[in-house]
Amino acid sequence: MSDLDLLYTDVEDDLRSSVRDLVAARSEPATVAALYDGDRSVVDPLWRAIAGDLGLAGLLIPEERGGAGASAREVAVVLEELGRSVAPVPFFTSSVVATTVLLAAEQGGAADELLAGLAAGERTAALVLPLSTGPGDEVPGFAVDADGRLTGSARSVAGALEADVLLVPVGTAAGTAVYSVPAADAQVEPVVSLDMTRQVADVTLEGTAGQELIGAPQGGDAVARALEVGAALLTSEQYGVAQWCLTTTIAYLKDRRQFGRVVGGYQAIKHRLADLYAAVESAGAAARYAAAATAEGDADAEVSTAVAQSFCSDVAVKAAEEAVQLHGGIGMTWEHPAHLYLKRAKADQIALGTPAAHRARLAELVDLPAPAPVG
Amino acid sequence: MSDLDLLYTDVEDDLRSSVRDLVAARSEPATVAALYDGDRSVVDPLWRAIAGDLGLAGLLIPEERGGAGASAREVAVVLEELGRSVAPVPFFTSSVVATTVLLAAEQGGAADELLAGLAAGERTAALVLPLSTGPGDEVPGFAVDADGRLTGSARSVAGALEADVLLVPVGTAAGTAVYSVPAADAQVEPVVSLDMTRQVADVTLEGTAGQELIGAPQGGDAVARALEVGAALLTSEQYGVAQWCLTTTIAYLKDRRQFGRVVGGYQAIKHRLADLYAAVESAGAAARYAAAATAEGDADAEVSTAVAQSFCSDVAVKAAEEAVQLHGGIGMTWEHPAHLYLKRAKADQIALGTPAAHRARLAELVDLPAPAPVG
Amino acid sequence: MTTTDARTVGEDLRQRVADFLAEHDHTTMDRLEFLRARFDAGLAWVNFPEGHGGLGLPRALQGQVDAQFAAAGAPDNNPRGNGIGLGMAAPTILAFGTEEQKKKFLRPLWTGERVWCQLFSEPGAGSDLAAVSTRAVREGGDWVVNGQKVWTSSAHKAQMAILVARTNPEVPKHAGLSYFLCNMDAPGVDVRPLRQITGEAEFNEVFLTDVHIPDSQRLGDEGQGWKVATATLNNERVAIGGGAGGRESGMVGVLAKSWREHPERRGVGQHDKLLRLWVDNEVARMTGQRLRQKLAAGEPGPEGSAMKLTFARIAQEASGMELELLGEDGLRAGDWTMKRPQHVDFTGRDAVYRYLRAKGNSIEGGTSEILRNVIAERVLGLPSEPRVDTGIAWKDLPR
Amino acid sequence: MTTTDARTVGEDLRQRVADFLAEHDHTTMDRLEFLRARFDAGLAWVNFPEGHGGLGLPRALQGQVDAQFAAAGAPDNNPRGNGIGLGMAAPTILAFGTEEQKKKFLRPLWTGERVWCQLFSEPGAGSDLAAVSTRAVREGGDWVVNGQKVWTSSAHKAQMAILVARTNPEVPKHAGLSYFLCNMDAPGVDVRPLRQITGEAEFNEVFLTDVHIPDSQRLGDEGQGWKVATATLNNERVAIGGGAGGRESGMVGVLAKSWREHPERRGVGQHDKLLRLWVDNEVARMTGQRLRQKLAAGEPGPEGSAMKLTFARIAQEASGMELELLGEDGLRAGDWTMKRPQHVDFTGRDAVYRYLRAKGNSIEGGTSEILRNVIAERVLGLPSEPRVDTGIAWKDLPR
């Protein structure tokens, strides 16, 4: 438990501005809402601009492997901004989770080319696991035959629709290996999702040829690490979601009048917003701590991830729910963007493990065992 | 789950008035607070008036055994009033819990005389178990030798200080029996208690002569029944405590001014009081339901007891905590009676099983099993 | 009325229904003619006066009549299809209408020939209904109405509406309103679906552009609109407070069923929360039971508003928890297609729908914030909020 | 000041302390003389000006000085025994005092010769401090004070007090206050213990009857009392926001320890709640760490008020839960005897004490309700509460 730096550097502030400007220019609530009606035209150009023009896809990849050599801290700043705009891009699934899997592959091996492609923003990958899988959860592997053909399926996979390559955990006698499969060779069935800004899909392989990128059991460690890093950094996205909800609600309530008074001037509303502010600021500190601990490989990283996941997941949902409620009727309409944040917040709460699951994990990490079962 | 009558009868309203008038005349906050400084002089006269003058000690005892032949419904009304005044009398411990144990004894046996004494308000009994023992909990028995001499101890026993006879659960090969021991023959060590208005004591018997009132295993059933009835009816006391806290706080806040306005007019305060009102009214319904189900021997009694205990325990504590907070500094003083209610509410929350314990019991009753332990 | 009297009255009424059924064979008669005849016989709503579909009897007797007709297999007036008409418009028309208005509107309302909707809320007047800015200007024998209404359920199915509009902006806001009965097929009435966060459109926006309403369809005096509207809304509150299910009703029932049937969904650390919700739901049932007993005993309790608060909270927490328990399945929704639902089933459809729809529970029919004000002020007697708009002409209020 | 400058300054200061210690042998010197010499050398509070115990250096350097004296085994000024003097009175005297007042009061304050207390709150003026009704009337060169103060910690140990009193009831309440330095041994000062719900008396009531204070002990101008008092209270807020422990600090640490060491206390259904509190406590630690980093970087954040809210809530919930886990032991208290505690240890003593004492966390030093107002208004920029007392003479306000 070292004294991690929780402030933002100037470089991070600049990064934030460029992401914010780009997303503001290329994505707006109405086009994001159109995703729910099946119009996904906003996704590709936005992702190309973020991955390619801004070069953010390779943030986590070391320079010698073609990336920007940044750390989890910078990635967290990007995720804050993407959360604040519910941006429908596969940054989290490809540039965080899938990339972390691949970074475990030995340099000079089969993964190099793919990593370089990811770093350049030319390729997009997804890890074929349910989005709800959290750190420490059992990872069901696909089956592989002697010819390297993969069979199996996974439900509610995030990022698969945007990916051109799928990273498939494969169960072998030696443990879990990771194979790659061209997305075009897989059945990727879009699912009507709670959060259409991160639409999930069901992925099925039926004897599809795959290439082993990481052997067993190292592949299992790589996947576990990716879930750990993913869980840590998703909290920054949740903080971004929560912040948007809080600031948008405050702005609305400073303007909205009922009974001749600004609604934000009613004390019960003020006190709720004060409590929400305290929660959101705390979520920011927790997310920042988890990112810093992850970046520095701190011994405290696992604990801080479980803490931040438990806290930020619920704060994002709370902030989105309060946004809907305190906007009154307008917050219940399709036209107002609040619902986009509510759906993202609720899906994020389930993603990478529920808060209760993270607390159960925390209990082991900090030696607070569950009571012995009765009887 | 029948459609139990949850209203108060005229007879019950009259009963309530007479209890309220008597307690108001004989007990006031300052004399109750004096209990915390060791002055217990208020207890005996008040109890004699309630038990003897009003004849309430025998409410639960059938007329043919010398009592009033009333039901759990009337007892609940009395408990509401005693809760509302944090009255320091052993009505709950003697006239509810100990009496329910004795009612299980066969008529014509050794318990008759004691029951008659209780009914007449001439004697006072206590069941020698920790006050925290809830329905379904294991009941540790005292040991008995061949000469009927009892040995053992129990901590945090309520009502023992006021009792002249102790009902002792005794472990035998056939199960639990219930013996009586004159309180004067036992070591009854007063304990500095969280709630000095129901001060607990540690009871030790060292080869003390006892008389078997209920043999084994019927004695175990009698104790279990007493804990069940006690848990059901304690919720009415909790409702009384909560009601006092709510109404006293509202009255104070209608009068207290800060920043030129009546504090009860600030919206955040109003909303908290509205929520508290909803909770207290609901607690009243739950307590009433548990009393009615107990009175009628309804099949639903156990469920309604667990429900009411879970709900009313927390509402009483919440109401007392809000009373302290919303009175501001004055609620933190010894001089103001709020602390008497806070201490009673907190002790009642632990008494007869914590809310969480009652929910665990409820889970079995309504088939909502706990998750299987992990790993 | 003593118990004996009540029993006699009930028996007389039972006989009267039996006689009616003997005289009117619903198996051969036209459904609408049958319903009209029932209305004319005073058996529509027995608590209404004679001549207006009733017999001036206690409301409590209605259940017996409905049950008797249902037992005979007679057609009903599809009350679910005209909730606002029956629950809100009818008692208001009865209370404030002229004899002519009652004659004209009540029978087709009850039979379901005319479905009603409610044009009250506006984008700028939600909780603060008296702030409506829809204007009605007198032109000869008509009122010409312009404005926008919102959250109008059934507007796309309704033939009639109850409408609150501002007839005088020069006086304080409560004093300048009037209440109208508006034909939904009148020129200038434009109904547009209002899509909600569930994807579907239960409600509508209604744009009113130079809509003409004859003065004969003004209900109550000019400027008396607030008083009439308040009566309407009190009827709404009675309707909302009334319903209450049995044990494990509502969202908690859905959650408990899921927990029982799917051991794999049982989340570590979520057992106690489930039980808390179960307890809260059961206590709400007990509270509702006591409320109904009090009402029946002629002791109306103020718990209705508090119960709506409780129901909303429980529904929201339980449906939110359900999604967490579902895990990977909680990430999957049913359908986002824009549709017009036939009816609203809070506990039906998929878990995502339930979660999102429940968010409306604390907004529609009085927000939880307004209900807390109501409880604090009317039940607990705490001071009302400082008002800054008292005595100021509506046109001069900040907006 | 650049980092290099700062390092140089720090080294110079270290040398200065070393020189002082070389010249003053605390093992032989009288303790008080030693402290006075340290004050005169500007090493008392280095951020104070020269001549008043300081050197005009950054406050951040104080820690280094204190550590150096402590390492040498030198006596300190027992800062815990004079918290109000050092934390609140001293900076206020420095900011508003005349040169003479500073000379007279600061040195004995710092050395601990004079312990200070604060006579602000009154039974009728808690959150609304500007409503104080203690009157100070000018009589010649003195002010004669009458009134009652409450919640005064250390009053029974203090020689001096900072006092707010009303000098003009004819003007609006904020404008009629003045600020005084009051001798606690003056005739008419009557200190009585104020017993709390824990049984003990940390605080006092102070009755002031015809207490004479020379006008030379008025701090700031007549009528400027509100401004001076506000400065004092801002110093209090800095003091409260400053402290924060490590992981498992506070009540959660007590609870976690109990859980680990007593498997038999682990309550079914309470595991998740324990973990939630643990998480909340840990997040508060992270938030505090970030706040300190921001302050050090010259970016004062507004999180201080929010953190006090959080700490109070966690302490109350954790201590309440501890009693439940204790079961039969939770029914047993430590001691109700009326005592004057030497110091307050929130996490010490017994579980019942912890539970009861924690109730004060959301009242003392600004109630949680007032803090929420502060956050909403000053941080979020929401409108302030409607005021009804603006511009009205204090004597005409309803009370």
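Residue numbers start from 1 in every chain, and the chains themselves are labelled A, B, ... in the order their sequence lines are given, proteins ahead of strands.
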- line: Residues Ser132(B) and Glu328(D): closest non-hydrogen pair is OG-CB, 3.2 Å
- prompt: Among Gly267(D), Gly269(D), Gly126(D), who wins on heavy-atom pairs under 4.5 Å with chain B?
  reply: Gly126(D)
- prompt: Do you know the tightest heavy-atom contact between Gln258(B) and Asp128(D)?
  reply: OE1-N, 2.8 Å
task: With a 4.5 angstrom heavy-atom cut-off, could you sort out which part of Val191(B) is near chain D: side chain, backbone, both or neither?
output: side chain
Largest heavy-atom contact set with chain B, pairs under 4.5 Å, which of Ala351(D), Ser368(D), Gly124(D): Gly124(D)
Closest heavy-atom pair and its distance - Arg332(D), Ser156(B): NH1-OG, 3.0 Å
Shortest non-hydrogen contact from Lys346(B) toward Gly320(D): NZ-O, 2.9 Å
task: Sort Asp335(D) into side chain, backbone, both or neither according to what part of it lies under 4.5 angstrom from a heavy atom of chain B.
output: backbone
task: Could you check which of Val388(D), Leu194(D), Thr198(D), Thr390(D) has the highest count of heavy-atom pairs closer than 4.5 Å to chain B?
output: Val388(D)
query: More than 12 non-hydrogen atoms from neighbouring residues, nucleotides or ligands closer than 6.0 Å to CD on Glu189(B), yes or no?
result: no
query: Pick from Glu369(D), Arg357(D), Lys273(D): which one has the most heavy-atom pairs with chain B under 4.5 Å?
result: Glu369(D)
- prompt: Heavy-atom distance under 4.5 Å to chain B: side chain of Arg387(D), backbone, both or neither?
  reply: side chain
- request: Considering only heavy atoms and a distance below 4.5 Å, find which of Arg256(B), His336(B), Glu335(B) pairs most often with chain D.
  value: Arg256(B)
message: Please determine whether the number of non-hydrogen atoms from other residues, nucleotides or ligands lying under 6.0 Å from atom NZ of Lys227(D) exceeds 12.
response: no
query: Could you give the distance from OG (Ser362(D)) to CD (Glu321(B)), rounded to the nearest 0.5 Å?
result: 9.5 Å
task: Using non-hydrogen atoms and a 4.5 Å limit, figure out which bit of Pro386(D) sits close to chain B: side chain, backbone, both or neither.
output: both
field: For Ala356(B) against Val268(D), the heavy-atom pair lying closest together
entry: CB-O, 3.5 Å
Euclidean distance, Tyr266(B) OH relative to Asn373(D) CG, rounded to 0.5 Å: 8.0 Å
Closest-packed option against chain B by number of heavy-atom pairs under 4.5 Å, given Ile392(D), Val352(D), Ile363(D): Ile363(D)
message: Let's go through Trp151(D) and Met332(B) carefully: what are the C-alpha distance in whole Å and the side-chain angles of both, what is the deciding distance for side-chain contact (heavy atoms from CB on, under 4.5 Å) to 0.1 Å, and is it a yes or a no?
response: CA-CA 10 Å; Trp151(D) 297 114; Met332(B) 282 294 290; 3.9 Å; yes
query: Side chain, backbone, both or neither: which part of Ile330(B) has an atom under 4.5 Å from a heavy atom of chain D?
result: backbone
task: Please flag which part of Arg359(B) lies under 4.5 Å from any non-hydrogen atom of chain D: side chain, backbone, both or neither.
output: neither
- prompt: Rounded to the nearest 0.5 Å, how far does CG of Leu194(B) lie from CH2 of Trp336(D)?
  reply: 6.0 Å
Side-chain heavy atoms of Trp334(B) within contact of Met338(D), under 4.5 Å: no
- request: Counting only heavy atoms closer than 4.5 Å, note whether Val324(B) contacts chain D via side chain, backbone, both or neither.
  value: both
- request: Give, as side chain, backbone, both or neither, the part of Asp202(B) having an atom under 4.5 angstrom from any heavy atom of chain D.
  value: side chain
query: Side chain, backbone, both or neither: which part of Ala268(B) has an atom under 4.5 Å from a heavy atom of chain D?
result: neither
statement: In terms of heavy-atom pairs under 4.5 Å with chain B, the winner among Gln316(D), Gln270(D), Glu385(D), Glu324(D) is Glu324(D)
message: Can you tell me which portion of Val262(B) sits under 4.5 Å from chain D's heavy atoms? Options are side chain, backbone, both or neither.
response: neither
query: Is there side-chain contact between Tyr355(D) and Lys343(B), with at least one heavy-atom pair below 4.5 Å?
result: no
query: How about Lys254(B): does its NZ atom have over 12 heavy atoms from other parts shown lying under 6.0 Å from it?
result: yes
- prompt: Between Leu342(B) and Ile197(D), does a side-chain contact (heavy atoms from CB on, under 4.5 Å) hold up when you go through it step by step?
  reply: CA-CA 9 Å; Leu342(B) 179 64; Ile197(D) 64 177; 4.2 Å; yes
field: Minimum side-chain heavy-atom gap Ile370(D)-Phe259(B) below 4.5 Å
entry: yes
message: Counting only non-hydrogen atoms closer than 4.5 Å, does Arg198(B) touch chain D with its backbone (N, CA, C, O), its side chain (CB onward), both, or neither?
response: neither
- request: Go through the atoms of Leu326(D) and report whether side chain, backbone, both or neither lie under 4.5 Å from a heavy atom of chain B.
  value: neither
- request: Could you check if a side-chain atom of Leu331(D) sits within less than 4.5 angstrom of a side-chain atom of Ser193(B), using non-hydrogen atoms only?
  value: no
message: For the CG atom of Leu325(D) and the OG1 atom of Thr354(B), what is their distance to the nearest 0.5 Å?
response: 8.5 Å
task: Please report the closest heavy-atom contact between Lys359(D) and Gln325(B), naming both atoms and the distance.
output: O-OE1, 4.2 Å
